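Please read the structure below before turning to the comments.
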Amino acid sequence: MSLFGSHDASQGAPHSPAAASPLLANLNPEQLAAVTLPEGNALILAGAGSGKTRVLTTRIAWLLQTGQVSPGGVLAVTFTNKAAKEMVTRLTAMLPINARGMWIGTFHGLCNRFLRAHWKLANLPSTFQILDTQDQLSAIKRLMKQFNVDDERFPAKQTQWFIAGAKEDGRRPRDVEVRSEEDRKKVEIYQLYEEQCQREGVVDFSELMLRSYELLRDNDVIREHYQRRFRHILIDEFQDTNRLQYAWIKMLSGVTVEGRFVPGGSSVIAVGDDDQSIYAFRGARVGNMADFVREFEVQRQIKLEQNYRSFSNILDSANALIGHNTKRLGKNLRTDQGPGEPVRVYESTSDFAEAQWMVEEMRQLVREGIDRKEIAVLYRSNAQSRVIETALFNAAVPYRVYGGLRFFERAEIKHALGYLRLLENKDDDTSFLRIVNFPPRGIGARSIELLQDAARAAGHSLHDAVSAVGGKAGANLSAFVAKIDVLREQTVGISLREIIELVLDHSGLIEHYKADREGADRVENLEELVNAAESFVTQEGFGRDAVALPVDELRQSPASQGLDPSRPMIDEALEPLAPDAETGETLSPLAAFLTHAALESGDNQAQAGQDAVQLMTVHAAKGLEFDCVFITGMEEGLFPHENSMSDHDGLEEERRLMYVAITRARQRLYMSHSQTRMLHGQTRYNLKSRFYDELPEAALKWLTPKNQGFAPSAFGYGGGYATSRGAGGGSGGSGYGGGFGKESFASPPVPPQKAAPSHGLRSGMQVFHNKFGEGTVLALEGGGDDARAQINFPRHGVKWLALSVAKLTPV
DNA sequence: CCGGCGCAACCCCTT
DNA sequence: GTTGCGCCGG
């Protein structure tokens, strides 16, 4: 049967005129059905490695090619810049189309574009700048200090979290429910923070979303314009959307009848995977998927279950594991590839030995011809990377760690950006404070306090209040402000590159870091900033995120080359907005660059491109794939993490996280755990992860003998270890060292150096205590007489108990 | 005003 | 064990 003629069980026939399109070649039936979905809302459940991005981009290309939509009528939204970029790249490879004018980007990038176009209606200055998380925190700290808020009772971090959380639930201060004095205070701070941001002309990340949402909600002309404009809306990683993002999509996509949302205005395709929802901790709501089906009256759901990445031993493991979750939409990955190699499991005696073993194993893999960049080491938390890095470093194996500070987050870069922002907006007090005494110019805490008092009294920004401060402090401050003002004048009419060079030179930053023995890297980064600006300017479609083309301009702009040239960029029936609604102006290159810096913090990987082993957290690995993957620290308390394993939802998220980890591997997957581990400067005795028990025995091969799982206290953990060695050990495989052809094992397991604990407790166990009653073991640490257990007693809270003292009985 | 010291925190992270 | 922040002494 012809591929194009095939009907997916649940889906309608593919759009027939397009059947011959080469775009659709080599799609499997489910993919084809998804790409050629007829109008209407649909949910695509896209399993790991099922070709999700391909489906999304092919769908857009197909819609354009078949004339079902003009480029301006497409809205495609992702979470990360990386995903957005990839979409644009793939799309332009399929169709020689000019992506300018198309709304493809991140939620925040698109909201920014929208607010730039309608800044007046959004009640923002045309040059508003964006606060990143660091800036936001320092703004909150400053505010709390000014209003004498007790930072013991209201830690700044928590306040930040509260404000972001409220905004992401769509709540302004007046909408937040106040149930206690605490709440009242928090809302007051929130209110003050908003006023401060407004005064300074800055918005934080959640504000970009909320402000856009509110403008759409409150302005009928704007809303209806965009609702008419976007005929096709596609959302990637839908399981990661929060409440506000969901509401935003709803606002853009619907038809509003008497103020009520009615689906059907445009076709919304949500693509996601509930099994890969790992961001609940930052507000993601998997429930949005079910809500979407209900509220958008979704008629079509397609599951992409064919996996093109991994062999079936890996997929069977992933499927079996995730099958232990109860809250699922239901999906099973399958592959046409054979079983492949077994999943290898290794137990070590210490975290050090675990790392050592990995290094040896990796060397063997490299000898077998695997590229180092195709080997990834995944861990649950960043703290685990250190011991692995040490081992790799000592063995001179090139490696690369993901995470950590990104380019635009580095202190020296933030300082340079501080100067640039102040040139653009003198009222940006956050930037003012960052650089007023950096490099040091004799303006200390006392001077700044005087200035802040003066600014508050006069209702001015710090910049404008300088003249009100007298004495030596005033003179120093005036000199600083004068310097900034002179710089601003000098930047008129010169290129972005020249502006940055000027600032680097006159701010004294370069000089300052050159004088520092350890400042060489920072000088280099500052010089790199010039390059970043240069490539930003020369990039095709520069400032694409910063400006939105007005409808009239889109109509006039020549149609993109690959498509019918007579076809407009935008639906001809679309009315331009009234002049006062369409206030989009071209941002200055500097303002656009600053926006870019805030929205795209840059790569967080050192030395990209080198052939190096990849180290990262499981979270960071989402969306990536490797030939060989090591999942390390498969221990109770680590993975599942102790902070998540006491409640059901937390444990399910940990399991999804493990699912993500497993499905990163193409060919070879290793899992390892250790009997002892240094954590927070203490040796911990963790038990092997419960997740092992949820994997199919047939897919596993224990490189070290499999323990008997939980052993009664008389035997203790590791009880079967010494005797079973070499005797065929666990039930999972043919035992240690059994014939694997050319494969070799680096080093035999080292017998435990220390006695393993003999209390027989295991994280997650229910125990009984005479005084506290029943509780759950959260963590274990120490050994012998020092052994302690952390136990959560529902009645009495979480306690650390010394096992030599406390009487605990397993329930 | 700056650097040094002491103390607390410490899971995951993108915009 | 490490890092970052806040306070205090020079």
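From a predicted model like this one, the values you see are computed outputs, not experimental measurements. In what follows, every chain begins at residue 1, and chains take the letters A, B, ... in the order their sequences are listed.
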When I278(A) and E409(A) are each assigned the nearest nucleotide of DNA chain B, the 5'-most assignment goes to I278(A)
Options dC2(B), dC13(B), dC11(B), nucleotide nearest the side-chain atoms of T617(A): dC13(B)
Could you state the atom-to-atom distance from CD of E152(A) to P of dC7(B) in whole Å? 15 Å
Tell me the interatomic distance from R684(A), atom CZ, to dC11(B), atom C1', rounded to whole angstroms. 13 Å
Using a 4.0 Å heavy-atom cut-off across all strands, classify L679(A) as base, sugar-phosphate, or nothing. nothing
Pull out every residue in residues 203-210 of chain A that has a heavy atom closer than 4.0 Å to any atom of DNA chain B, ordered by number, or say none. F205(A)
Does N81(A) make a side-chain N or O approach to OP1 or OP2 of dT15(B) shorter than 4.0 Å? yes
Just the atom pairs and distances: protein N or O near nucleotides 1-3 of chain C's N or O, under 3.5 Å.
{"unit_1": "dT2(C)", "atom_1": "OP1", "unit_2": "R386(A)", "atom_2": "NH1", "d": "3.2"}

Contact class for A445(A) vs. all strands (heavy atom < 4.0 Å): base, sugar-phosphate, or nothing? sugar-phosphate
Distance test, side-chain N/O of N242(A) to OP1/OP2 of dT14(B), below 4.0 Å: no
State whether a side-chain donor-acceptor pair under 3.5 Å links R421(A) with Q129(A). no
With sequence neighbours left out, what residues match S507(A) under side chain to side chain donor-acceptor pair (under 3.5 Å)? none
Is there a side-chain contact between Q160(A) and T133(A), using heavy atoms and a 4.5 Å cut-off? yes
Can you check the distance between dC13(B) and dG4(C), where both ends of the measurement are the P atom (answer in whole Å)? 16 Å
Taking all non-hydrogen atoms of both residues into account, name the closest pair between I235(A) and F107(A) and its distance. CG2-CZ, 4.0 Å
So what does T78(A) hit on the nucleic acid, given a heavy-atom distance under 4.0 Å: a base, only sugar-phosphate, or nothing? nothing
Donor-acceptor check, side chain of T106(A) to backbone of F79(A), threshold 3.5 angstrom: yes or no? no
Side chains of T241(A) and N288(A): is there a donor and an acceptor less than 3.5 Å apart? yes
Would you say dT14(B) has OP1 or OP2 under 4.0 Å from some side-chain N or O of R406(A)? yes
Name every donor-acceptor pair, under 3.5 Å, that has one atom in a side chain of residues 435-451 of chain A and the other anywhere in the protein, sequence neighbours excluded.
{"unit_1": "N437(A)", "atom_1": "OD1", "unit_2": "R441(A)", "atom_2": "N", "d": "2.7"}
{"unit_1": "N437(A)", "atom_1": "OD1", "unit_2": "G442(A)", "atom_2": "N", "d": "3.3"}
{"unit_1": "N437(A)", "atom_1": "OD1", "unit_2": "I443(A)", "atom_2": "N", "d": "3.1"}
{"unit_1": "N437(A)", "atom_1": "ND2", "unit_2": "I443(A)", "atom_2": "O", "d": "2.9"}
{"unit_1": "R441(A)", "atom_1": "NH1", "unit_2": "I435(A)", "atom_2": "O", "d": "2.8"}
{"unit_1": "R441(A)", "atom_1": "NH1", "unit_2": "V436(A)", "atom_2": "O", "d": "2.8"}
{"unit_1": "R441(A)", "atom_1": "NH2", "unit_2": "Y419(A)", "atom_2": "OH", "d": "2.8"}
{"unit_1": "R446(A)", "atom_1": "NH1", "unit_2": "E449(A)", "atom_2": "OE2", "d": "3.1"}

Rounded interatomic separation in angstrom, taking CG from L657(A) and C1' from dC11(B): 10 Å
If the C1' atom of dT3(C) is compared with that of dT14(B), how far apart are they to the nearest Å? 23 Å
Taking 5.5 Å and 30° as the limits, would you call F281(A) and the base of dC12(B) a stacked pair? yes
So does T133(A) reach the base of dT15(B) with its side chain, donor to acceptor, closer than 3.5 Å? yes
Just say parallel, tilted or perpendicular for the rings of F593(A) and F536(A), cut-offs at 30° and 60°. tilted
What residues, two or more places apart in sequence or in another chain, satisfy side chain to side chain donor-acceptor pair (under 3.5 Å) together with Q158(A)? none
Expressed as a whole number of angstroms, how long is the span from Y279(A):OH to dC13(B):C1'? 6 Å
Which nucleotide, dT15(B), dC2(B), dC13(B), lies nearest any side-chain atom of H619(A)? dC13(B)
Length of the line joining H108(A):NE2 and dC13(B):P, which is rounded to integer Å: 17 Å
Ring centers of F147(A), Y193(A) separated by less than 6.0 Å: no
d(CZ, F407(A); P, dT14(B)) in whole Å: 18 Å
Test item: side-chain donor near acceptor, Y279(A) and H619(A), under 3.5 Å: no
To the nearest Å, how far apart are Q384(A) CD and dC11(B) C1'? 10 Å
Pairing of R684(A) and E642(A) as salt bridge, 4.0 angstrom limit: yes
Looking only at side-chain N and O atoms, does N382(A) come under 4.0 Å of OP1 or OP2 in dC12(B)? yes
Which is more 5' along DNA chain B, the nucleotide nearest P440(A) or the one nearest A620(A)? Just name the residue. P440(A)
Among the nucleotides dC11(B), dC2(B), dT15(B), which one has an atom lying closest to any side-chain atom of T106(A)? dT15(B)
How close or far is atom C1' of dT14(B) from atom CZ of F238(A), stated in whole angstroms? 18 Å
Indicate yes or no: at least one non-hydrogen side-chain atom of M634(A) is less than 4.5 angstrom from one of I631(A). yes
All N/O contacts under 3.5 Å from nucleotides 5-10 of chain C to the protein, with atom names and distances to one decimal?
none

